[in-house]
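To start, the structure itself, in structure tokens.
Computed over heavy atoms, backbone and side chain alike; hydrogens, waters and symmetry mates excluded. Chain letters run A, B, ... following the sequence lines, proteins first and then strands; every chain starts at 1.
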Number of protein chains: 2
Amino acid sequence: MTSEGVLASLRLEAGATKHAETSTWVAAQLRQLIADGQLAPGAKLPEEALREALGVSRNTLREAFATLHAERVVVRFPNRGVFVAHPTADDIREIYRVRRFVEPASLLWSPSGPTEDLAEIVREARGAAEAGDVPAMANANQEFHRALVARAGSERLDSLMKQILAEMRLVFASMASDPRFHAPYVEDNARIVELLEAGRAADAAELMADYLGRAERQLLAACKVPGYLGSRPR
Amino acid sequence: MTSEGVLASLRLEAGATKHAETSTWVAAQLRQLIADGQLAPGAKLPEEALREALGVSRNTLREAFATLHAERVVVRFPNRGVFVAHPTADDIREIYRVRRFVEPASLLWSPSGPTEDLAEIVREARGAAEAGDVPAMANANQEFHRALVARAGSERLDSLMKQILAEMRLVFASMASDPRFHAPYVEDNARIVELLEAGRAADAAELMADYLGRAERQLLAACKVPGYLGSRPR
DNA sequence: TTGCGACGAATTGTTCAACAAAACGCACCC
DNA sequence: GGGTGCGTTTTGTTGAACAATTCGTCGCAA
């Protein structure tokens, strides 16, 4: 995926769209490209090339950069430019620090509503696992955690979680992804739903905390192996 | 506090400062003015006037707006402009929804470190209360919650809490602030520190959840009285 | 008086062109 | 081979322009 290809596809899409609030639209486009992995972690986002590809002015593009920067999707080095965020080991620790607070809290203290949506996501993940469809399984796992936090009913926690999961995707994009990574967690998720349905929220929260600890250790270990793309760009 | 006065003081400060990254600096200035209550909730932020007062270009100002918008300090109505955020009753409910997750979680699951800083803040709050210094007491109370969440050691939760407290200041700025509002909570904070020191984190978390519920109800009730500034501008 | 539509003024959304300052790349020299 | 200096590129910021939208206000009719 040469950056040339990315720019070309952007050019295509840009022509076809009417934009009401351009900078918002631009931010969404870039967010999408990054989430899809078409713009890899650490990649530079040069103003001139993107401006041309998106067919917007540099000012509008820079406004979009400001939003993405606030979302931590993108990092800014003064006078050097904007880069796709590239999580370090410390970032991983930070991510899991947050998750170990938010996710068990959500299990414990969310208004106890129906768990059918969670069960459905688990079924999807199992299906994908059996079909050997790793991306679908990874997606379903992410969706599971998103749905879990959504139970809290807080817009702000939702968007925090969305950001965190976006950063998780960057983490996965940064390392040679072992297909077997996501598999064990499908069953953990299933168990969590069971506990929740049985009214054993405290046990579910404990399992979740444990599970997150395991995942963190696994990712940190993977950081140290050669497969992990070096630290900062340059 | 005429908006004229605000602009004049901005003009003064603008001249004296060297700005390395101007848009960041502009965002910080505005954030400060809003936090201080010099720009009231619902106030319009006209581009031309601010541009002139800050001595920056409209583009730079708009980039700062993008940052503040992402922080929810400021609201954008397309083609109408940017306004200081003006929390509604729903926003208050949302704020406390988040706080009831984050703060008890922080009490329960933060690495158990020294509580000396918390105790110190409680002493400050008591001092301010005795001196009848309401703003200082309100500040100390806010600082207490900030310090509590800081124990989690997560940069992201820190900034979430910082945003939440900023929005709380907007809530207080929106209503005729009863000086007696903050007082009872000083002693609750003290009790929480005691429980924490005694290793009774679960009790502390429970007290906190209860306390937050009380505060929310009180604020929601205050919303309904005439003192509260109407809903959205226009 | 009150309500309503229209017109002109002000403001926003977006683009373009320019320039200083900083970082980058590269040939050059020790 | 490893620093050094210089021209080139990119970023940070400004200023001006213009279409689109909203705002304010005036006049008119019920």
- Do you see a donor-acceptor pair shorter than 3.5 Å between the side chains of B:Tyr185 and B:Gln218? yes

- Query: Taking atom P of C:dA23 as reference, at what distance in whole Å does atom CD of B:Glu21 sit?
  - Reply: 11 Å

- Task: Begin from the C-alpha positions of B:Val26 and B:Phe65 and carry the test side-chain contact (heavy atoms from CB on, under 4.5 Å) through to its verdict.
- Result: CA-CA 9 Å; B:Val26 170; B:Phe65 280 163; over 6 Å; no

- B:Glu63 CD to D:dT14 C1': how many Å, rounded? 13 Å

- Query: Between C:dT12 atom C1' and B:Phe83 atom CZ, what is the distance in whole Å?
  - Reply: 11 Å

- Respond yes when some side-chain nitrogen or oxygen of B:Arg80 is under 4.0 Å from OP1 or OP2 of D:dC23, and no when none is. yes

- Measure the distance from CZ on A:Arg76 to P on D:dT11 and round it to the nearest whole Å. 10 Å

- May I ask you to verify if any side-chain N or O of B:Thr22 is less than 4.0 angstrom from the OP1 or OP2 atom of D:dG12? no

- By nearest-heavy-atom nucleotide on DNA chain C, the more 5' of A:Arg58 and A:Asn79 is A:Arg58

- Item | OP1 or OP2 of C:dC16 under 4.0 Å from side-chain N/O of A:Ser57 | no

- Task: Please figure out whether A:Pro78 or A:Leu61 has its closest DNA chain C nucleotide nearer the 5' end.
- Result: A:Leu61

- Task: Look at the side chain of A:Arg151 and the backbone N and O of A:Pro114, then say whether any donor-acceptor pair between them is shorter than 3.5 Å.
- Result: yes

- Query: With respect to the phosphate group of D:dG12, does any side-chain polar atom (N or O) of B:Ser23 fall under 4.0 Å of OP1 or OP2?
  - Reply: no

- Between A:Lys44 and D:dT11, does any side-chain N or O lie under 4.0 Å from OP1 or OP2? yes

- CZ of A:Phe65 versus C1' of D:dT10: gap in Å, rounded? 12 Å

- Message: Side chains of B:Glu143 and B:Asn139 only: does a donor on one sit below 3.5 Å from an acceptor on the other?
- Response: no

- Look at the side-chain N and O atoms of B:Arg62 and state whether any lies under 4.0 Å from the OP1 or OP2 oxygen of C:dG13. yes

- Message: Without decimals, in angstroms, what is the distance between A:Asn59 CG and D:dA17 C1'?
- Response: 13 Å

- Query: Atom CD of B:Glu48 and atom P of D:dC23: how far apart are they, to the nearest Å?
  - Reply: 18 Å

- Is B:Ser106 reaching over with its side chain to a backbone N or O of B:Val102, donor-acceptor style, under 3.5 angstrom? no

- Task: To the nearest Å, give me how far apart CD (B:Glu47) and P (D:dA16) are.
- Result: 16 Å

